[in-house]
*Asks:* 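One structure coming up, written as structure tokens, with questions to follow.
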Amino acid sequence: NVRRKNILKSINISRKLLMFSKIAYLSFLSNIFVFSKELLERHLNDLIIELASEDEIDSELILNSLEEQVGIFSQRAIGLYAFSHLTFQEYFAAYYLNAIYDIDELWEEIKDKIRNSYWNETMLLLAEMLTQRMGVLDALLEKIIADKDTEKGESSHLLLLADIIIQGTPVSNFFRN
């Protein structure tokens, strides 16, 4: 029990955010909302290896700690887990996308997702996060407007732009007009 209490303290906050965001993004990408304990532990284990942890950390121990102490994951049935609320999964998926610093790479990653209403809340959360990165949201909105599918009558890009403005996300006057 003492080890369980200390396990999360040994993982710094940026690593925790990376764990949550990558699991959220990968599962959201695959339309997975409830995952097996084995799959979740495999994601945690892969991330532990990817993060090059010096300490040997048990993914099951981390999962138990996350469930009991943080509440980010909850067991929905025996051996089945999910984010405690869909909003957490959407937020952390947006957080994952926000970590993509190259605007062209970010555009490639999201351009098909903005046509899909399934991703709408995640895109709105991402837009809000991008306001913290000088000029990135405006550059991305320019790409949305210039996208060739918008010219062919595809309107979901523009609906996203309208949603971003309606929710009060700071954008330049050019997009407000």
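This one's a predicted model, so the numbers in the text were calculated from it and none came from an experiment.
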*Asks:* Measure from NZ or CZ of Arg42 to the centre of the six-membered ring of Phe35 and say whether it is under 6.0 Å with the direction within 45° of the ring axis.
*Replies:*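 Ring-cation test returns no.
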*Asks:* Can you tell me how far apart NE2 (His85) and CD1 (Ile72) are? Round to the nearest 0.5 Å.
*Replies:*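 Result: 11.5 Å between the selected atoms.
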*Asks:* Run the side chain to side chain contact (heavy atoms under 4.5 Å, CB included) test on Phe73 and Leu40 for me, step by step, so that the C-alpha distance in whole Å, both residues' side-chain angles and the decisive distance to 0.1 Å come before the verdict.
*Replies:* CA-CA 10 Å; Phe73 297 110; Leu40 190 51; 3.9 Å; yes
*Asks:* Compare every heavy atom of Tyr118 with every heavy atom of Ile32, then report the nearest pair and how far apart it is.
*Replies:*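 Taking Ile32 first and Tyr118 second, the nearest heavy atoms are N-OH, 4.4 Å.
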*Asks:* Is there side-chain contact between Leu126 and Leu137, with at least one heavy-atom pair below 4.5 Å?
*Replies:*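 When only atoms from C-beta onward are counted, Leu137 and Leu126 do not touch, as no gap falls below 4.5 Å.
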*Asks:* Just so I know, are the side chains of Ile78 and Lys37 near enough to count as touching, which here means a heavy-atom distance under 4.5 Å?
*Replies:* no
*Asks:* Can you name the nearest heavy-atom pair linking Ala24 to Ser27, along with the distance?
*Replies:*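 In terms of heavy atoms, the two residues are closest at O-OG, 3.1 Å.
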*Asks:* For the CG atom of Leu140 and the CE atom of Met123, what is their distance to the nearest 0.5 Å?
*Replies:* 9.0 Å
*Asks:* Which heavy atom of Ile100 sits nearest to which heavy atom of Leu106, and what is that distance?
*Replies:*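 Smallest heavy-atom distance, with atoms named: CG2-N, 3.6 Å.
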*Asks:* Is it the case that the side chain of Ser30 and the backbone of Leu26 share a donor-acceptor pair, with hydrogens and angles ignored and the cut-off at 3.5 Å?
*Replies:* yes
*Asks:* Might you work through the side chain to side chain contact (heavy atoms under 4.5 Å, CB included) test for Met129 and Tyr91, ending with a clear yes or no?
*Replies:* CA-CA 10 Å; Met129 290 175 188; Tyr91 173 83; 3.2 Å; yes
*Asks:* Determine whether the side chains of Ser74 and Arg76 contain a donor N or O and an acceptor N or O closer than 3.5 Å.
*Replies:*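 The answer is yes; a qualifying pair exists.
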*Asks:* Given the side-chain rings of Phe28 and Phe20, with only the six-membered ring counted for Trp, is the space between their centroids under 6.0 Å?
*Replies:*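 No, too far apart.
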*Asks:* What pair of heavy atoms forms the shortest contact from Phe33 to Gln89, and how long is it?
*Replies:*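 Where Phe33 meets Gln89 most closely, the heavy atoms are CD2-OE1, 3.4 Å.
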*Asks:* Would you say the side chain of Tyr25 lies within less than 4.5 Å of the side chain of Thr122, judging by non-hydrogen atoms?
*Replies:* no
*Asks:* May I ask you to test the Asp104-Lys143 pair for a side-chain heavy-atom distance under 4.5 Å?
*Replies:* yes
*Asks:* Please test Arg133 against Asn98 for side chain to side chain contact (heavy atoms under 4.5 Å, CB included), starting from the C-alpha separation and ending with a verdict.
*Replies:* CA-CA 9 Å; Arg133 295 170 52 192; Asn98 187 46; 3.2 Å; yes
*Asks:* Nearest 0.5 angstrom please: Asp102 CG to Glu108 CD, how far?
*Replies:*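 Reported to 0.5 Å precision, the distance equals 10.0 Å.
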*Asks:* Write down the atom of Lys113, the atom of Leu29, and the distance for their closest heavy-atom approach.
*Replies:* CE-CD1, 3.5 Å
*Asks:* Is there a side-chain contact between Val34 and Tyr81, using heavy atoms and a 4.5 Å cut-off?
*Replies:* no
*Asks:* CG/Leu124 to CD/Glu90 distance, rounded to the nearest 0.5 angstrom?
*Replies:* 9.5 Å
*Asks:* State, with a plain yes or no, whether a side-chain heavy atom of Leu80 is found less than 4.5 Å away from one of Gln75.
*Replies:* no
*Asks:* Do Glu128 and Leu125 make a side-chain contact, defined as non-hydrogen atoms from C-beta onward lying under 4.5 Å apart?
*Replies:*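 Side chain of Glu128 against side chain of Leu125, heavy atoms only: no contact under 4.5 Å found.
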*Asks:* Do Phe83 and Phe92 come within less than 4.5 Å of each other through their side chains, counting heavy atoms only?
*Replies:*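 Of all side-chain heavy-atom pairs linking Phe92 with Phe83, at least one is under 4.5 Å.
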